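I am attaching a structure below and will ask some questions about it afterwards.
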Amino acid sequence: MKALAVGIDLGGTNIKGGLVRRDGSVIVKKSVKTEVQKGTGPEPVVGRIAGLVADLIAEGGVDKSELVGVCVGSPGPLDSRRGIVYETPNLDWKDVPLSDMLSPLVDMPVFVENDANVAAFGEQWAGAAKDSQCTIMLTLGTGVGGGIVINGELWRGVNDVGAELGHMIIDYAGRLCGCGAHGCIEAYASASALARRMKEQVEAGSASSLRDAILAGEDVDAKRIYEAAVDGDRLSREMIEETGRLLGIAIVSYVNIFNPDCVVLHGGLVNAGDMLFQPLLAEVNERCFESSLRVLRVLPSALKGDAGIVGAAGLAFQRAEDIA
Ligand SMILES: [Zn+2]
């Protein structure tokens with residue numbers, strides 16, 4: 001049995017890669033700039049992924065014959081079975097046959113998966129949700145990504161559009177979401193949405209130590225809001241606590257559907273710790289059925305920034321065995 005796999009986390013700014021063992025441990029990891037240039041087609045970026053794979057093999061001091069293959073976690077929508085990325089605005093890609101393009105360059109099987117799904121798989125395979133039967137993961141970033149892993153298998157939906165947990169509607173007449181619907185949890189609880197809600201409060205006249213910075217047009221992100229909250233800014237604290245409560249309400253619905261034993265939260269906002277988790281857990285504990293709470297754990301990500309590369313490598317092992 002081949003002992004190693006490469007996991008790639010493809011983003012609009014960076015391409016991260018890792019050479020990973022079957023137990024999920026990372027031998028070597030490396031990152032290169034994606035350097036998207038409009039109008040050049042996908043070849044330059046695919047070439048950089050191939051270069052990164054070669055560098056990982058060289059720096060790990062291993063032989064290519066020890067690898068089962070490469071899995072790329074990519075922004076979607078995509079076709080995981082055929083390895084085609086339909087559309088990624090950040091990369092300016094349209095209908096890119098990523099598996100077929102990359103596989104000859106690296107001379108091994110290449111698999112493609114949705115990036116949020118990959119991170120969820122990573123946490124279940126080798127992270128916070130190890131040994132879980134049913135894991136729900138939320139990634140709090142620019143948007144709210146989601147992933148579901150049941151009995152060690154990703155739930156992709158019928159054609160890879162499944163697990164869009166960020167578009168769970170918590171208020172049918174609520175805030176407008178980037179997807180065009182109203183009231184999705186993403187429109188409230190992503191890191192960007194937190195910053196937007198904070199800005200609205202300040203513009204409406206609420207007092208805050210960040211008031212001058214926000215009104216001066218500075219980029220006040222979730223991290224700064226958390227730091228201000230720790231320094232005693234009441235509005236910042238209230239905004240983070242409200243984010244926790246709203247996330248808790250969305251999680252109640254996931255728990256009611258899936259009866260998971262693990263909900264994992266991923267992304268920089270998770271660093272807010274108790275300030276986010278306490279109000280979140282209060283909603284979950286009050287609103288969920290008692291019997292579902294008996295098995296449920298809500299945990300922060302263990303793999304953090306490595307969830308994408310570890311999860312992708314784990315899926316390379318799993319999918320290489322499926323085709324073997
Ligand atoms: Zn939405």
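Just so you know, these numbers come straight off a predicted model, no measurement behind them. Both counts, for ligands and for their atoms, begin at 1 and track the order of listing.
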**Q.** Heavy-atom side-chain contact between Thr243 and Tyr188 under 4.5 Å
**A.**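 Of all side-chain heavy-atom pairs linking Tyr188 with Thr243, none is under 4.5 Å.
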Q | Sidechain-backbone polar pair: Asp63 side chain, Glu66 backbone, donor-acceptor under 3.5 Å | A |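 No; judged by distance alone, with no hydrogens or angles, the pair does not exist.
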Q. Which protein atoms of type N, O or S are found under 2.8 Å from the Zn ion (ligand 1)?
A.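 Hits for the Zn ion (ligand 1) below 2.8 Å: His167 ND1, Cys177 SG, Cys179 SG, Cys184 SG.
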Q | Leu247 side, atom CG; Leu265 side, atom CG - distance, nearest 0.5 Å | A |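 The CG atom of Leu247 sits 6.5 Å away from the CG atom of Leu265.
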Q. Hey, does the side chain of Asp261 reach the backbone of Leu296 with a donor-acceptor pair shorter than 3.5 angstrom?
A.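 It does not hold such a pair.
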**Q.** Short side-chain to backbone donor-acceptor contact, Lys16 and Gly305, under 3.5 Å
**A.**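 It does hold such a pair.
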(Q) Check Glu123 with Lys130, please: is the shortest side-chain N to carboxylate O separation under 4.0 Å? (A) no
